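See structure below.
Residue numbers run from 1 in the order of the sequence given. Because the structure is a prediction, the values reported are computed rather than measured. When a ligand or atom number is given, it counts from 1 through the structure's own listing order.
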Amino acid sequence: MCGIVGYVGSRNAVPVLIEGLKRLEYRGYDSAGVAALEDGRLNIRKCVGRLRNLESQLHDTPLAGSPGIGHTRWATHGEPSDINSHPHTDSSGRIAVVHNGIIENYQELRRQLEARGHTFRSETDTEVLPHLIADELAAGAPDFEDALRRALGRARGAYALGILFADKPDTLYAARHGSPLIVGVGVGENFIASDVPAILNETSRVIYLNDGEIAALKPGGVTVSTLEGRSVQPAIKKVEIQAEAIERAGFETFMMKEIHEQPRVLRGLLDKHLDANGRVQLPGFPLAADYFENLSRIMIISCGTAYHAGMYGKLLLENLTDIPVETDLASEFRYRNPRLESGALVVAVSQSGETADTLASIRLARKWGCKVLSICNVQGSSLTRESDAVFYTEAGPEIGVASTKAYTAQLMAFCLLTLFIGRARGTIDDNLERALADALRRIPDAVHYVLGRKTEIQKIAGKHHDGPSSLYLGRKFNYPTALEGALKNKEISYQHAEGYAAGEMKHGPIALINEYLPVICICTRTDDEVYDKMISNMKEVEARHGRIIAIATDGDQSIADLAEDVIMVPDTRDEFSPLVNIVALQLLAYYAAQARGTDIDKPRNLAKSVTVE
Ligand code: G6P
């Protein structure tokens with residue numbers, strides 16, 4: 001969603017801000033803007049559209065100065081437009097604010113402020129903030145920081161803020177409540193950002209602000225205090241990610257690079273957690289084996305792609321351990337009055353660790369006394385800081401909006417956790433453990449093999465991309481794969497795609513089938529009856545002249561005979577086949593998107609990290 005960058009130091013802030021905003025483009029946005037202070041004046045450039053529009057505006061009417069703040073906006077209140085873009089100012093133009101989040105009581109505040117003579121220009125919730133601060137200064141707040149504190153005391157909702165005062169030219173202010181914000185610590189200069197990649201080329205030393213904290217950044221130092229005015233000693237942490245990790249490394253898109261990183265990411269998790277005997281090791285993990293021995297229930301909560309990982313986690317855990325597992329969308333869970341006992345373990349799955357609904361759900365679960373285990377990709381994120389235990393997916397920064405490597409890493413996290421829990425509860429014995437571990441170790445190579453078939457997959461995508469719709473069918477472990485494959489397709493190619501449990505096809509989607517509809521059937525070999533059932537479903541599609549694209553196990557001639565096109569994948573243990581099969585579907589969606597000419601890394605309307613409800 002929206003991105004924030006801020007700079008204070010001796011350099012001209014504007015190029016630093018633009019570079020930082022470029023590194024945040026992946027979050028999704030529809031307009032952009034910057035403000036910089038020069039000779040006691042706050043100058044602003046902002047416009048709707050991509051950053052290149054802002055750059056050309058800056059080319060025509062240059063801007064320089066320090067400190068400065070920059071923003072990429074993902075519209076919530078008010079359409080994407082020049083006026084609604086950030087930064088926003090008070091009536092006098094001497095206070096500028098960039099904001100991520102939502103001020104929930106903005107209408108009421110706006111009415112009060114307008115009644116007192118403040119003139120508003122935009123339709124945004126954000127604009128109340130600079131006016132509120134100005135209002136507090138006019139009402140006698142002794143200094144800028146105090147005015148900011150008082151103003152934030154009146155605002156309800158979530159925010160990460162960067163604030164400039166024309167009359168306080170040596171300081172950049174920042175505040176956080178409910179939306180992520182970090183301070184980057186440099187030498188003789190300091191930064192703020194909504195996300196580490198924005199400033200990774202400048203510094204790797206960061207302060208993760210906590211909710212309810214305000215930071216005052218000067219070139220020579222940073223002070224942090226609470227909203228109540230208590231000073232805080234900030235901890236400076238070293239970020240482990242290398243700047244190169246957020247480069248495209250020769251690939252045409254981040255998404256393609258990330259698809260190709262999957263064998264390495266999966267191997268990394270296996271090397272870290274599987275010992276030579278095939279036993280899962282979780283060194284330093286706060287939830288020990290005996291905790292899982294007595295566990296009565298697991299509730300998995302997540303959104304988007306991570307929800308599909310959660311569905312897979314449930315299937316795997318229930319198949320290989322004896323714990324009852326439920327899964328839910330975080331946005332449903334938090335409002336449905338779920339009945340959870342304090343002994344249940346809540347597992348939150350999130351690439352970013354900042355998804356608003358997922359965070360709200362774990363806060364609810366904690367209120368009921370449940371422990372929270374998160375499966376997360378971003379160190380220092382809000383989710384990891386609020387969890388009792390964290391399993392890091394260690395996929396490295398994921399920049400493409402459509403999740404790929406983070407998803408397979410989440411699946412692998414569930415595989416490893418399941419082995420650990422199954423052993424703890426005695427449902428996985430030595431023999432099964434060895435067999436599962438051996439099968440897992442073969443996954444990275446199997447993924448690599450699928451990547452090697454990309455030219456073939458591209459050809460298949462080329463045949464089927466131009467229809468209005470497509471249907472994805474799978475069963476059991478590959479039901480979530482069908483949903484995730486369909487999600488990838490709609491996210492990046494904008495083709496309507498529906499993922500369905502194949503057994504449900506007769507209850508509706510079969511009506512869609514005709515000689516034009518591509519039906520993607522995931523039918524890799526299994527040891528149980530699901531395989532035969534899936535073949536029956538494919539026959540039903542064939543009988544209605546649907547165009548079958550099958551994902552099948554190498555050498556499976558019966559499926560090759562049935563389908564119009566087949567993507568063969570290596571023979572993989574049934575439980576783990578989703579880690580391989582999804583890679584074929586990622587590539588299928590990718591090449592469909594490429595053929596349809598979409599912006600693959602930054603699909604329209606989507607945001608990488610959904611920090612508002
Ligand atoms: C957004 C992203 C998805 C992601 C979902 C959940 O919609 O575009 O790729 O799956 O949020 O995000 P999380 O960071 O919690 O995994």
**Fill in**
In short, ring-ring contact (aromatic ring centres under 6.0 Å, His included) pairs touching residues 382-416 with sequence neighbours left out are His273-Phe391
**Request:** In plain terms, say whether Glu326 and Lys314 are close enough for a salt bridge, that is, a side-chain N and a carboxylate O under 4.0 Å apart.
**Result:** no
For ligand 1, output the ligand-protein N/O contacts shorter than 3.5 angstrom; if there are none, return none.
from: ligand 1; atom 1: 8 (O); to: Ala607; atom 2: O; distance (Å): 2.8
from: ligand 1; atom 1: 9 (O); to: Val401; atom 2: O; distance (Å): 3.4
from: ligand 1; atom 1: 10 (O); to: Thr305; atom 2: N; distance (Å): 3.0
from: ligand 1; atom 1: 12 (O); to: Thr355; atom 2: OG1; distance (Å): 3.3
from: ligand 1; atom 1: 14 (O); to: Ser350; atom 2: OG; distance (Å): 3.3
from: ligand 1; atom 1: 14 (O); to: Gln351; atom 2: N; distance (Å): 3.4
from: ligand 1; atom 1: 14 (O); to: Ser352; atom 2: N; distance (Å): 2.8
from: ligand 1; atom 1: 14 (O); to: Ser352; atom 2: OG; distance (Å): 2.6
from: ligand 1; atom 1: 14 (O); to: Thr355; atom 2: OG1; distance (Å): 3.4
from: ligand 1; atom 1: 15 (O); to: Ser350; atom 2: OG; distance (Å): 2.6
from: ligand 1; atom 1: 15 (O); to: Thr355; atom 2: OG1; distance (Å): 2.5
from: ligand 1; atom 1: 16 (O); to: Gln351; atom 2: N; distance (Å): 2.7

**Item:** Pairs where residues 596-605 contributes a residue and the test side-chain hydrogen bond (donor to acceptor under 3.5 Å, both in side chains) is met, not counting sequence neighbours
**Value:** Arg50-Asp599
**Message:** Which label fits Tyr159 and His177: parallel for a plane angle under 30°, tilted from 30 to 60°, or perpendicular past 60°?
**Reply:** tilted
**Prompt:** Can you check whether Tyr591 and His465 have ring centres sitting under 6.0 Å from each other?
**Reply:** no
**Prompt:** Residues in salt bridge (Lys or Arg N to Asp or Glu O under 4.0 Å) with Glu386, at least two apart?
**Reply:** Arg363
